[in-house]
K.L.:
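Okay, handing you the structure first.
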There are 2 protein chains.
Amino acid sequence: MDTNVRHSSGLPANVLDPDCPSRVIFQRIGDKWASLVVQVLDDGPVRFSELRKMVSVVTPKVLTQTLRSLERDGLVTRTIHAQVPPRVDYELTDLGRSLLEPLAQLRKWAEGNVPAILAARDAYDDAQDEALLG
Amino acid sequence: MDTNVRHSSGLPANVLDPDCPSRVIFQRIGDKWASLVVQVLDDGPVRFSELRKMVSVVTPKVLTQTLRSLERDGLVTRTIHAQVPPRVDYELTDLGRSLLEPLAQLRKWAEGNVPAILAARDAYDDAQDEALLG
DNA sequence: AAAGACGGTATCTATTTGATACTGATAGCT
DNA sequence: AGCTATCAGTATCAAATAGATACCGTCTTT
């Protein structure tokens, strides 16, 4: 007996199944900004304007959308402080924090393989040029 | 002395730096289809039409774009067999395979947290409804 | 002769992302 | 009183991207 999470259909969660909610979740983690935001929030609560600087360069509209999604999915909390000028803090939930480690692995991979990937691109682009000039 | 990979600026690779190539790479891994394709290719070479079925539902245009990018970045090879009807196999490179583990972690997270996230969404949406109905 | 397999490309539309300007509440300065 | 600044966003419009759908060339099978 497997111990995988199952969804309403009774099937185990499977990212490759287009109807499995895990797929939507998986693709949302891969969102262009969401995963960066989560990583920035690692160091504790951050207010909107700070977040914008730390995740640069993201427009306020897109950052708002990203944060609303993260909040809806229970990864982030939004706290409004009754101050003037306003102060709104965003902070990771436990669920959000649980995502930090998988993300860190991916980040490490990305940062560690920059040279290999740039080299591959150069080789590919050169080959393309060759083919065209042939 | 740290052992991080550095890029041409001499700074260590850092996903949070908008000018660091690792950021582009990080965001490309998070591409809607690329990471699914890589996972499907875990079991060995797969041809185009098979891939389309396994990663459903992706249009041929988008799958082609995804595969070309993966090929350019050195994660995937494309092999044309001189047959009729044509056979084109896509296969992971060593670099591509090295991405499997970080991706598997993320996948596990996504699949394992489906219930928590769906519950958070329900709660959030209910709260929104409350606020609107006053 | 017609239809089908395969790996795409071409074309058009819908959705998403992004740039830029603006709002409302209040405090501090002149 | 009037001007400016801070902050957390919205509103509006343009640009880039993703997706739906139809089609192509080559050969084999019926």
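Here is the naming used below: chain letters follow the sequence lines, and residue numbers restart at 1 for every chain.
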K.L.:
For Arg68(B), report the nucleic acid contact type (base, sugar-phosphate, nothing); a contact means any heavy atom under 4.0 Å.
P.N.:
sugar-phosphate
K.L.:
Can you work out whether Arg52(B) or Arg47(A) has the more 5'-proximal nearest nucleotide on DNA chain D?
P.N.:
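It is Arg47(A) whose nearest nucleotide is closer to the 5' end.
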K.L.:
Please classify the nucleic acid contact of Lys32(B) as base, sugar-phosphate, or nothing, using heavy-atom distances under 4.0 Å.
P.N.:
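Here Lys32(B) touches the backbone only, sparing every base.
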K.L.:
With a 4.0 Å limit, can you tell me whether Thr64(B) has a side-chain N or O closer than that to the phosphate oxygens OP1/OP2 of dG8(C)?
P.N.:
no
K.L.:
With respect to the side chain of Thr59(B), which nucleotide from dT10(D), dA20(D), dG8(C) is positioned closest?
P.N.:
dA20(D)
K.L.:
Map Phe48(B) and Lys61(B) onto DNA chain C by nearest heavy atom, then report which one ends up closer to the 5' terminus.
P.N.:
Phe48(B)
K.L.:
Is it the case that atom CD in Glu101(B) sees more than 12 heavy atoms from other parts of the structure closer than 6.0 Å?
P.N.:
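Not buried by this count: 12 neighbours or fewer within 6.0 Å.
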K.L.:
So do His81(B) and Thr79(B) actually touch side chain to side chain, heavy atoms under 4.5 Å?
P.N.:
yes
K.L.:
So, are Asp125(A) and Arg72(B) salt-bridged, with charged N and O less than 4.0 Å apart?
P.N.:
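Answer for the salt bridge query: yes.
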K.L.:
What does Arg78(A) touch in the nucleic acid at a heavy-atom separation under 4.0 angstrom: a base, only the sugar-phosphate, or nothing?
P.N.:
sugar-phosphate
K.L.:
Are any non-hydrogen side-chain atoms of Val58(B) and Trp33(B) less than 4.5 angstrom apart?
P.N.:
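Yes. Closest side-chain heavy atoms under 4.5 Å.
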K.L.:
Taking the side chain of Pro86(B) as heavy atoms from C-beta outward, which of dT17(C), dC6(C), dG8(C) is closest to it?
P.N.:
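Selected nucleotide (nearest to the side chain): dC6(C).
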K.L.:
On DNA chain C, does the nearest nucleotide to Val57(A) precede the nearest nucleotide to Pro85(A) from the 5' side, or the other way round? Give the residue.
P.N.:
Val57(A)
K.L.:
Using atom CD of Glu71(A) as one end and atom C1' of dG9(D) as the other, report the distance to the nearest whole Å.
P.N.:
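That distance rounds to 14 Å.
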